[in-house]
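Note that ligands are numbered from 1 as they come in the structure, with each ligand's atoms numbered from 1 the same way. The first residue in the sequence is number 1, and the count goes up from there. Just so it is clear, the values below take in all heavy atoms, side chains as well, and ignore hydrogens, waters and symmetry mates.
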Amino acid sequence: MENRRVFLKKASLLTAGGFLAGKSGIAKAATSATTTQNATKIIGLQIYSLGRELNEDVAGGLKKVGQMGYSTIELAGYNNGKINGTNMEDFKKMADDAGLKITSTHVNPPVREYLAENKQQIMDFWKKAADDHAKIGVKYLIQPGQPATRSTEEVAYVAAIFNEAGIIAQAAGLQFGYHNHDGEFARVIPGGSESIFGRRGFGRNAPKGMEIIYDGLLKGTDPSLVFFEMDVYWTVMGQQDPVEYMKKYADRIKVLHIKDKAVLGQSGMMNFEMIFKQAYANGLKDYFVELENYAGGTQFEGVKGCVDYLLNAQFVK
Ligand code: MG
């Protein structure tokens, strides 16, 4: 596997060399040195990070991503057999040509309120999404958006729907996962009508049965059907410690979103060394870099800054 990966990297570099030759021989040499030196680090990218910039030239954009040092990608923008308008088989071919493996995908069902009346619509959606992604060899089918959860009962219902989505994904050969933002760290109560944010309700005076939504989703889902992709930045934004969660739920949190306020390592908000240490202790293999709302340059430049941070970090193996 390793040999093939290194080979693919070199093959993509040859293409890159041809592409860049007219521009700058120095740039070409620098890219080659970085990639060879760090060939053992398997770093993933959530392509949402590139925004519309990727859509302008998918093949060329993916090649740039591979040359930067990324090895795997997580898709975003699935709609009825296409990724942001590109046929999925074509997208896979372009990823192959760039030496990138498509490991994961982010897909949201068409409804946010989960009700008995629209359950079949949700399941039909997952069946089609799972089959489409199975065709291009994707491993993880991940829901990144939070359904409405205003009470412990609604959290339990959403968890039950996740279990059923997990069965559908498994039948197609995929694993179903859930990705959080900060809203999942709000609290709910039995019979409640809203998410309770912040520190309200903490301590001895907390209403009976109050729970963090994320904890309720962990509790209500079957570990053999549903895994969790923890977005470490959004967990911090939810006033929680991702490392504590990774310790407590080592067998449930199987994938990470490695994200900071902007470019990795620049904000001072995130202790990535501790996060990676725990990830290795847990035997966690897959993670994806995510960058949103980068104001310091193009999205491609920001994504390059993120991979450079991980390639240079001693604590990333
Ligand atoms: Mg994320």
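- The Mg ion (ligand 1) has no N, O or S atom of Glu229 inside 2.8 Å of it.
- Around the Mg ion (ligand 1), the angle linking His257 (ND1) with Glu290 (OE1) is 90°, rounded to 10 degrees.
- Aromatic pair Phe228/Tyr245: centroids not less than 6.0 angstrom apart.
- Under the 4.0 Å criterion applied to side-chain N and carboxylate O atoms, Glu301 and Lys64 are not assigned as salt-bridge partners.
- Not one N, O or S atom of His181 sits under 2.8 Å from the Mg ion (ligand 1).
- Between Lys101 and Asp96, no side-chain nitrogen of the basic residue sits less than 4.0 Å from a carboxylate oxygen of the acidic one, so the salt-bridge criterion is not met.
- In this structure, NE2 of His179 and OD2 of Asp231 enclose an angle of 100° at the Mg ion (ligand 1), rounded to 10°.
- Ion pair Asp131/Lys135 not flagged as a salt bridge, since none of the NZ, NE, NH1 or NH2 atoms sits closer than 4.0 Å to an Asp/Glu carboxylate oxygen.
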